[in-house]
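Letters A, B, ... mirror the listed sequences (proteins, then strands); counts begin at 1.
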Amino acid sequence: GGGGGTQQQPAQSASGGAAQPVADAALTQVYNPSTKKGGTLKAAHSGDWDSLDPADTYYGYSFNFGRLYWRTLTMYKPGPGPEGNTVIPDLAESLGEPSSDGKSWTYKIKQGVKFEDGTPITSKDVAYAVARSFDKETFPHGPSYLNELLAWPEDFKGVYKTPDADYSSAVETPDDQTIVFKLKKPFASMDYVVQMPMTAPVPKDKDTGAKYREKVVSSGPYKFESNEIGKRFALVRNDQWDPATDPNRPALPDRIEVQLNVNADDLDNQLISGDIHLDIPGTGLQPAALGKVLPDPALKARTDNPVIPRLWFVSVIPEAPPLDNVECRKAVLWAADRVANQTAYGGPVAGGDIATNVMPPPVVGQEKFDLYQTPENKGDVEKAKQALAACGHPDGFETTMTYRAERPREKALAEAMQQALAKVNIKLTLKGFPASSYFSDYAGNVEYQKKNKIGLAGHGWGSDWPDGYGFMQAIVDSRTIRDAGNYNLSVKSDKVDSLIDQASGELDATARGKLWVDVDKAVMEDASILPVVWAKALLLRGEGVTNVAYNEGQSMYDYILLGVE
Amino acid sequence: MEKHFPVTAGLFKRQVGAVKAVDGISFDVFQGETLGLVGESGCGKSTTGRLVTRLLEPTAGKVVFEGRDITHLSQGKLRPLRRDMQMIFQDPYSSLNPRHTVGAIVGAPFRIQGVKTEQGVKKAVQDILELVGLNPEHYNRYPHEFSGGQRQRIGIARTLALKPKLIIADEPVSALDVSIQAQVVNLLEDLQRELDLTYVVIAHDLSVVRHISDRVAVMYLGKIVEVADRKSLYSAPMHPYTNALLSAVPVPDPKARKERERIRLTGDVPSPLNPPPACRFHTRCWKAQEICKQVEPPLEERADGHRVACHFPENAPAAATPAAGDAQV
Amino acid sequence: MTAPLDVSGASAQVPPEATLAGAGRAVQGRSLTRIAWMRLRRDKVALSGGIVVIFLILVAIFATPIISLFGHDPLEFHQEAIDPNTLLPLGDFGGMSAEYPLGVEPVNGRDIFSRIVAGAGISLLIGFLATMVSVLIGTVMGVIAGYFGGWVDQIIGRIMDVFLAFPLLVFAIALVGVMPNEGFGLEGNGLRIAMLIFIIGFFSWPSIGRIVRGQTLSLREREFVDAARSLGARNGYILFREILPNLMAPILVYATLLIPANILFEAALSFLGVGVNPPTPTWGGMLSEAVRFYTLPHFVIFPGLAIFITVLAFNLFGDGLRDAFDPRAH
Amino acid sequence: MLTYIIRRFIGAIAMLIIISMVTFGIFFVVPQWAGSSPEALASRYVGRAATEETVALVAERLGFNDPVIVQYGRFVKGIFVGAEYDYGAGVEQCPAPCFGYSFISGQPVWPDLLDRMPVTFSLAIGAAFLWVVGGVFVGVVSALRRGTLFDRLSMGTALAGVSLPIFFTGMVTLVVFSYGLGWTPPGGSWTDFTVNPGEWAYNLLLPWITLAFLFAATYARLTRAGMLETMGEDYIRTARAKGLRERDVVVKHGLRAALTPILTLFGIDFGLLIGGAVLTETTYTLPGLGQFAILAIRNQDLPQVMGVVLFAACFVVIASLVVDLLYAWVDPRVRLS
Amino acid sequence: MSFLDVKDLKIHFPTDDGLVRSVDGLTFSLERGRTLGIVGESGSGKSVTSLGILGLHKGGRAQISGEIWLDGEDLVSMPAEQVRGLRGKKMAMIFQDPLSSMHPYYTVGHQIIEAYRIHHDVSKQVARKHAIDLLGRVGIPEPARRVDSYPHEFSGGMRQRAMIAMALSCDPELLIADEPTTALDVTVQAQILDLMRDLQREFNSALIIITHDLGVVAELSDDILVMYAGKCVEYGTADDIFYRPEHPYTWGLLGSMPRLDREPTDRLLPIKGSPPSLINVPQGCAFHPRCPYSERTEGRASAEVPDLAPTERGHLVRCHLPRAERRELWENEIKPVLETQ
Ligand SMILES: Nc1ncnc2c1ncn2[C@@H]1O[C@H](COP(=O)(O)OP(=O)(O)OP(=O)(O)O)[C@@H](O)[C@H]1O
Ligand SMILES: Nc1ncnc2c1ncn2[C@@H]1O[C@H](COP(=O)(O)OP(=O)(O)OP(=O)(O)O)[C@@H](O)[C@H]1O
Ligand SMILES: [Mg+2]
Ligand SMILES: [Mg+2]
């Protein structure tokens with residue numbers, strides 16, 4: 001269930017703004033508030049989007065940034081502070097109305113919203129967008145929550161392959177304003193799901209399938225002026241967007257330019273110098289820039305250092321003997337030097353806080369506990385040896401740890417683990433694999449795991465939305481495990497699974513939160529995950545950028561608020 | 001005997017022609033004699049030598065050695081015969097492997113042929129070195145430590161190792177200085193006398209050939225145009241080409257230059273890729289007539305042991321004064 | 001009559017003064033190799049290159065004692081030498097001190113000195129063995145192509161062309177990146193190093209192959225080959241006894257020049273993140289990490305210098321070797 | 001002459017086929033050693049937390065369920081006759097030469113390659129100009145002043161040049177000249193020549209110089225060796241005996257002949273460089289073919305990998321053909337047949 | 001003073017192994033219209049001498065001393081640039097191997113035109129006409145077509161003709177031919193020798209012909225200089241050298257040659273040993289280790305260098321043996337062996 005449903009004024013007027021550069025200024029309030037329109041916001045990305053198509057993207061920054069050119073039924077409440085975790089209506093007049101059995105959710109679309117070409121947006125356009133996102137062959141990247149939640153007809157193969165199919169059993173539009181989602185089973189977090197871009201309206205006559213990404217039709221305050229995929233694109237004002245229907249987006253800049261595939265270090269340098277205003281992925285500065293920014297008070301004052309709902313962790317895989325014995329897994333957890341691990345991930349500032357359990361603090365209902373407390377967090381050789389003895393390997397054992405070769409931090413983590421485990425005679429062999437096939441061919445491939453006796457695998461997970469289900473389900477539910485492409489590499493516990501079922505079915509938010517903590521505890525008892533850090537990002541506010549606020553729901557700066565001086 | 005080197009061209013490497021390096025020549029060499037083979041560069045002398053020793057596979061024809069047809073013997077069957085038939089090479093610098101010691105080079109024949117000697121290979125090699133006028137103590141030296149003449153002696157020593165019967169010497173002295181040339185020529189003669197060798201000496205220097213040969217064959221463009229014993233060839237050459245060759249040799253006698261009258265050939269030897277038809281010499285011959293362009297003259301015996309391939313041979317067996325050279329234009 | 005000038009008999013033993021000092025006495029000849037060696041000894045630059053090479057080899061062999069004497073375990077973390085916030089080394093010049101002669105790495109504080117010393121072994125091992133692989137393949141292919149000629153030569157020539165047109169680095173990356181983890185009785189880093197050696201060696205053989213082919217082609221035309229053949233020597237004898245000894249010098253020279261190229265190749269692969277598995281230190285790998293910390297000069301400079309000096313030393317030595325074997329250079 | 005070109009052309013195509021098969025093989029065979037299935041391959045190209053159905057659909061769409069031979073055949077067919085691309089809402093024609101569509105971005109590969117071409121080409125052209133002019137000049141002067149301080153210094157520098165890995169020099173120059181002194185733009189800067197030639201040159205200055213330094217070394221050494229050899233040739237003596245001025249002897253007679261082997265090397269180097277200066281582009285993050293290749297491999301984007309590899313190989317082939325033709329033109333003794 | 005006067009010419013090359021005394025005190029002179037032949041074994045310094053005259057010996061760090069007077073000017077002390085101006089115009093050279101001596105990348109015509117235009121300020125067309133003329137004069141058929149051929153398209157004889165045409169392009173007064181026919185077949189050699197003789201008559205130039213073939217020298221030369229180890233050992237008219245040679249080395253050369261113009265001898269009379277290296281020239285008379293008569297000098301042969309002493313009529317000989325003894329040896333021991341067998 002969502003938070004407050006009341007409409008709020010744009011954030012900048014709600015919070016008292018800070019104009020003096022102070023570290024962490026944008027975490028709790030809007031930094032450098034402004035209502036001045038105009039200017040060009042220059043943004044850059046060190047990599048590339050998966051897709052600009054709302055049906056085919058699954059990156060947090062993409063959800064965040066996409067709101068500049070699309071509107072979804074609901075959205076995270078813009079602005080700083082804990083309120084950012086709550087959802088508010090966007091295209092919808094209000095949050096969803098669940099039916100009493102919790103199996104259907106109804107939303108009403110606002111009047112007067114239009115596409116960039118002036119055609120009014122109706123519930124049919126939203127329904128079409130949802131239906132088209134069903135086609136995973138065409139849109140393999142996007143999330144598939146709605147594919148699974150909604151009661152799609154048996155023979156429905158997507159709007160392209162079965163153009164005449166009637167999918168009203170899943171999503172129905174009784175009139176142009178109303179849209180009803182029909183679920184297979186009760187589901188409480190629908191308001192969170194529909195803030196995802198699958199519900200951004202797509203006009204059927206402009207839909208070009210996989211090529212729609214090249215020319216997305218805007219429903220938000222900006223529309224595409226140009227789009228060179230893989231290189232750059234530019235957004236300009238959409239004159240058909242009516243601010244009256246949209247109190248949440250101040251839409252300050254006249255123009256937004258995005259450069260793609262910029263060298264990460266250069267990007268940092270340009271951000272520092274003010275040549276660009278925004279680092280799109282919002283994962284923080286590179287080590288070289290850290291060395292420059294942290295010691296320099298003036299630069300440090302421009303930073304924000306939030307904890308984000310992301311866990312970096314090591315899967316301790318029970319498939320590889322002797323790790324099939326829980327005591328051996330515990331030995332690994334006891335022996336790990338958490339400080340060294342934290343350092344590997346970038347230290348307390350850029351890396352994150354030492355994680356003692358799975359769920360990170362920003363997740364609603366999270367509780368911090370530590371089943372494997374060690375002196376100064378540096379690992380406890382004694383306890384580890386006891387665990388080893390209990391497991392029947394007092395002289396240690398050998399196993400393999402994988403990491404993604406292109407990720408220096410994961411590599412550093414692997415090296416740190418190797419050092420720490422060596423102290424209790426657990427010998428680690430390290431293996432780096434290409435990130436692109438890490439989950440498909442190697443660490444996330446069951447067959448490969450078994451064949452190559454992969455005992456430990458470093459990776460990470462960020463939630464789609466900050467509640468227990470959103471964060472935990474994908475990485476601890478053993479029933480998600482399939483042949484290849486797994487993100488849950490190690491948690492195969494019936495206890496965990498049943499607790500998950502219990503938690504998902506619980507409609508009361510507080511009780512649900514508690515149940516998720518129980519899931520967390522069960523996982524830690526199973527010792528199949530070694531949490532490393534709850535990620536923190538050292539974000540740098542661009543020079544001359546106004547209205548900067550860290551939004552917890554996006555775990556990034558709120559991109560729809562930004563303006564330029 | 002013939003040897004055609006294929007010439008290929010085109011997309012799929014069809015054979016479009018052949019270099020008729022050696023085109024239907026026949027000669028025989030008798031035990032104990034020296035046959036000289038002369039001709040201008042590119043006329044096929046070396047090819048002939050290599051065909052006889054089967055370093056090249058003849059395109060057609062036969063090589064008969066001691067009554068045995070060795071034309072198509074496999075290399076394996078040929079190996080024992082190699083002992084009897086050896087070759088001396090022209091270039092004393094490239095015919096010795098610079099990485100081997102003299103001992104290894106001269107001893108190679110024993111090793112390759114698997115011949116055992118009574119007192120060991122080393123002694124045998126040293127004996128041969130002595131025979132060719134080298135210091136046997138130079139056994140462990142390398143070829144580059146020797147002068148051209150000495151190197152040629154090493155090469156000769158190698159050919160002698162297995163006491164061959166026939167030696168084919170391809171321009172054995174033409175890379176050497178005059179004074180050294182004489183040393184080697186003398187050595188070859190001495191060895192022939194001592195070891196009862198048979199030589200085929202290939203050279204382009206007519207005076208050297210005359211000095212050491214018993215019989216001489218003159219080649220022109222892959223064909224033998226004249227064969228005769230030394231005396232009759234040099235004193236009464238029948239083929240116009242032989243005549244021209246002889247008269248072209250400069251004579252170290254300042255007075256003679258005023259007296260001599262020469263035959264001057266014009267032009268160069270035509271390409272063997274595309275030799276003139278019929279008599280190949282007709283393009284440069286001052287006596288050429290229609291028939292020379294039509295009919296190929298056979299190599300016929302015109303005088304005792306004197307064979308020539310010409311429609312209009314020069315002097316009948318009549319003699320000319322050797323000192324002045326002969327010249328009739 | 002025996003003319004007074006005629007001395008062609010058994011007594012003509014005037015030594016070639018050009019090469020022999022004491023006539024007749026020095027029975028042992030000086031081979032071309034020894035002459036080249038004498039020339040090399042006079043070439044100070046090449047010699048100093050050679051000395052550095054030997055020094056590097058010694059360092060690689062005695063890496064463990066050197067490290068235990070002057071540094072720390074190359075894999076050991078030294079968090080105390082690192083600023084926990086910035087993760088950069090504490091102290092000036094990247095934490096250079098008597099304790100850490102060349103400073104420490106950021107993040108984990110590993111001793112750069114001992115990592116560079118330890119890296120020498122990997123670089124040289126891969127450089128040498130990969131070169132041996134390419135020399136082996138290159139020589140065999142080159143000799144076969146050059147000696148037998150004809151269609152064999154054509155085919156090998158085309159194969160070399162293919163290798164030339166391959167974007168090698170790209171291929172090596174693709175291959176190394178997806179290499180299996182066990183095989184050929186090896187696993188882990190051993191397999192990885194073996195794979196690197198094979199891949200680097202396999203991709204650089206055509207350079208040697210071409211040279212050997214060219215040399216063989218010209219050697220084949222030399223008359224001593226005909227001489228051996230006319231003595232009834234088999235192909236094997238001619239190849240191994242006559243031709244191969246003459247190829248040794250060029251092979252040695254180009255192998256010496258190929259070693260630095262292969263060291264660079266390894267460094268490039270490590271730099272691109274597909275080299276030896278961490279935490280084993282390699283120079284290229286250190287450089288690739290240094291990219292992220294380019295503001296730390298010591299982190300960049302030392303591994304870079306190590307590569308540079310090694311490659312330069314080999315190049316100098318190889319150059320000198322070539323001059324020594326090639327009389328034309330004098 | 002024409003038959004020569006045709007033969008070379010056929011040879012080149014055979015070569016490209018081999019290269020493409022090997023590339024294809026690496027992509028499919030090596031993962032199979034790791035026990036890979038079509039689904040595993042497909043799960044590389046889906047979003048995180050994709051369902052099994054999604055993976056199966058993608059495997060089908062990308063054709064991973066067909067035997068490798070069939071997939072290869074489809075690829076080759078695409079190059080020669082073009083292909084069709086189903087984008088869900090319709091079908092797009094991809095005319096020959098069609099290297100297919102990226103597994104990841106769904107963009108056609110060919111336009112991407114063409115798009116990146118100018119970067120690599122600019123890099124190669126500029127650097128090649130610098131290193132040829134610089135290397136040849138230094139080589140000639142060194143040869144003429146053999147044994148002097150200049151000779152020894154420049155040859156020493158040359159050896160140093162070939163001994164420096166580009167990723168090291170690149171990094172050092174970037175840190176010093178861009179980040180430190182601010183004289184040159186940061187890595188990753190690129191402006192198209194047609195947009196602003198000045199900017200274009202300014203952005204490429206540093207990569208040009210470092211790359212040229214690396215290559216100039218080889219060229220200087222080669223030129224020097226070549227010059228020393230040709231200047232000892234008989235025809236140089238003849239030229240002098242004619243009374244020709246020394247400068248003309250060096251340039252018209254010596255250099256002319258010494259340059260031919262350099263031409264060969266240049267053809268190979270330039271061809272390889274055009275095919276993708278991987279290390280240089282990585283160090284300077286230039287958006288050229290080399291970077292494209294690295295990204296494609298990292299992403300295991302087969303159509304892109306195939307595209308860039310064949311593209312690169314083509315350039316090597318073309319360059320060596322051009323060199324051979326040039327050679328025949330420069331050196332009249334060479335006859336092409 | 002003669003047209004060409006070379007006095008005590010020394011050309012030494014310092015090398016790693018020692019000082020190479022390629023030419024060590026050579027003196028000779030030559031008039032217009034006359035021919036000097038220089039003979040000697042390989043490495044005796046013949047080529048270096050000729051290159052020295054043209055100022056082309058500069059290969060290494062050559063040291064040159066002595067005087068070379070050409071038409072009243074000393075080339076040794078003249079600035080290099082001035083010598084260059086004379087090269088090709090006043091003195092020209094024909095080299096041994098015409099293939100390697102012509103630039104493979106330029107047409108024959110181009111190379112002749114170049115030679116002509118260095119010294120004559122004329123248009124390319126005029127120079128080309130001249131080149132065609134010259135090619136015709138040296139007996140190349142179809143000169144107007146052949147002018148555009150490359151050297152490799154010519155046969156050996158034609159190349160040598162072209163080489164001669166190049167040398168003659170500016171009507172040089174001194175022509176040096178360094179082994180002009182060694183690479184050629186006899187028949188072609190004869191053609192070239194004829195050509196050179198004819199051209200010399202026509203141009204009335206001074207000709208130096210360098211060779212190791214006594215036959216060639218005999219064909220062309222008026223005077224002959226025999227070189228051994230960088231020194232002149234005998235210098236005289238052709239008749240002197242062939243009919244009255246007084247140096248044992250010259251005897252050796254004559255004895256080594258099989259001759260077509262005489263009855264074949266049974267054995268040749270070679271010189272023992274081989275020529276010395278010019279770094280380690282034997283002490284005293286350089287020839288003494290190979291000389292069969294060196295014992296007869298009571299050790300002087302290995303101790304002191306003999307003078308180049310005149311006999312009658314300008315015939316110079318460098319030998320320790322007394323003149324009478326030499327003549328006796330020649331008349332009684334050598335000549336009969338050479339002529340009678
Ligand atoms: N392997 C070959 N392929 C093609 N042509 C060849 C080959 N070997 C020789 N020839 C040609 O055959 C002809 C005869 O060559 P050969 O070497 O027998 O001549 P030669 O009389 O020995 O000449 P020289 O006096 O120059 O040694 C020449 O025109 C030569 O070009
Ligand atoms: N630039 C040089 N540096 C050192 N030594 C040289 C140089 N040029 C010639 N020589 C030496 O000078 C000596 C005489 O050489 P030159 O070429 O004059 O002999 P040549 O009589 O012409 O012999 P050939 O008959 O072989 O042509 C040789 O020993 C040669 O090695
Ligand atoms: Mg021959
Ligand atoms: Mg000479």
Side-chain angles (χ1 to χ4, degrees), chain D residues 1 136 140 142-152 223-224 226-264 323-337, chain E residues 47 50-51 53-61 80-108 110-120 148-153 162-163 166-170 172 175-176 178 183:
Chain D
M1 181 71 183
V136 168
V140 169
S142 279
L144 296 181
R145 308 224 185 300
R146 185 181 185 187
T148 60
L149 191 67
F150 176 89
D151 178 25
R152 274 188 247 150
T223 309
R224 178 177 181 271
M227 276 304 278
L228 283 180
E229 193 165 327
T230 45
M231 289 309 281
E233 293 281 358
D234 288 351
Y235 52 77
I236 295 295
R237 197 179 54 189
T238 311
R240 290 208 176 106
K242 287 194 247 182
L244 202 60
R245 254 171 262 277
E246 192 59 22
R247 197 191 58 224
D248 290 341
V249 172
V250 170
V251 175
K252 289 191 188 156
H253 289 244
L255 193 57
R256 169 96 195 256
L259 280 182
T260 20
I262 292 179
L263 188 68
T264 317
V323 163
D324 285 356
L325 295 178
L326 269 183
Y327 218 117
W329 177 68
V330 170
D331 184 348
R333 287 172 302 182
V334 178
R335 276 220 208 99
L336 302 175
S337 63
Chain E
S47 297
S50 59
L51 291 174
I53 294 172
L54 262 75
L56 292 176
H57 54 279
K58 296 263 157 47
R61 295 141 289 174
E81 183 54 27
Q82 210 178 325
V83 180
R84 184 192 65 73
L86 295 179
R87 237 181 272 148
K89 189 172 168 60
K90 190 142 190 139
M91 50 192 185
M93 189 149 172
I94 301 165
F95 294 101
Q96 168 174 2
D97 183 354
L99 183 58
S100 70
S101 298
M102 294 183 94
H103 202 293
Y105 295 177
Y106 294 110
T107 59
V108 170
H110 178 106
Q111 301 189 47
I112 299 174
I113 291 169
E114 188 182 35
Y116 189 58
R117 290 188 66 208
I118 295 167
H119 304 285
H120 299 267
D148 290 323
S149 306
Y150 289 94
H152 70 272
E153 296 166 328
M163 202 57 214
M166 202 191 307
L168 292 179
S169 62
C170 299
L175 187 62
I176 305 177
D178 187 355

Colleague: Check whether E:S100 reaches the backbone of D:D234 with its side chain - one donor and one acceptor, N or O, closer than 3.5 Å.
Modeller: no

Colleague: If I take atom NZ from residue D:K252 and atom OH from residue E:Y106, how far apart are they, to the nearest 0.5 angstrom?
Modeller: 7.5 Å

Colleague: Between chain E and each of D:E233, D:E246, D:M231, D:H253, count heavy-atom pairs under 4.5 Å; write down the option with the most.
Modeller: D:H253

Colleague: Picking from E:S101, E:G88, E:S169, which has the most non-hydrogen pairs under 4.5 angstrom with chain D?
Modeller: E:S101

Colleague: Could you pull out the closest heavy-atom pair between E:M102 and D:Y235, with the gap in Å?
Modeller: C-CB, 3.5 Å

Colleague: Do other residues, nucleotides or ligands put more than 12 heavy atoms under 6.0 Å from D:R245 CZ?
Modeller: no

Colleague: At their closest point, which heavy atom of D:A241 faces which heavy atom of E:L54, and how far apart are they?
Modeller: CB-CD2, 4.0 Å

Colleague: Which heavy atom of E:P104 sits nearest to which heavy atom of D:P332, and what is that distance?
Modeller: O-CG, 3.2 Å

Colleague: Could you tell me which portion of E:L86 (side chain, backbone, both or neither) has an atom closer than 4.5 angstrom to a non-hydrogen atom of chain D?
Modeller: neither

Colleague: Which distance, rounded to the nearest 0.5 Å, do you find between the CD of E:E114 and the CG of D:L244?
Modeller: 4.5 Å

Colleague: Work out which heavy atom in E:Y105 is nearest to a heavy atom in D:T260; give both atom names and the distance.
Modeller: OH-OG1, 2.8 Å

Colleague: Going through the distances and angles, do D:T238 and E:Q111 end up as a side-chain contact (heavy atoms from CB on, under 4.5 Å)?
Modeller: CA-CA 10 Å; D:T238 311; E:Q111 301 189 47; 5.7 Å; no

Colleague: Please give me the minimum heavy-atom distance between D:K242 and E:A115, naming the atom from each residue.
Modeller: CD-CB, 3.2 Å

Colleague: When you measure from the side chain of D:R237 to the backbone of E:L56, do you find a donor-acceptor pair of N or O atoms at a distance under 3.5 Å?
Modeller: no

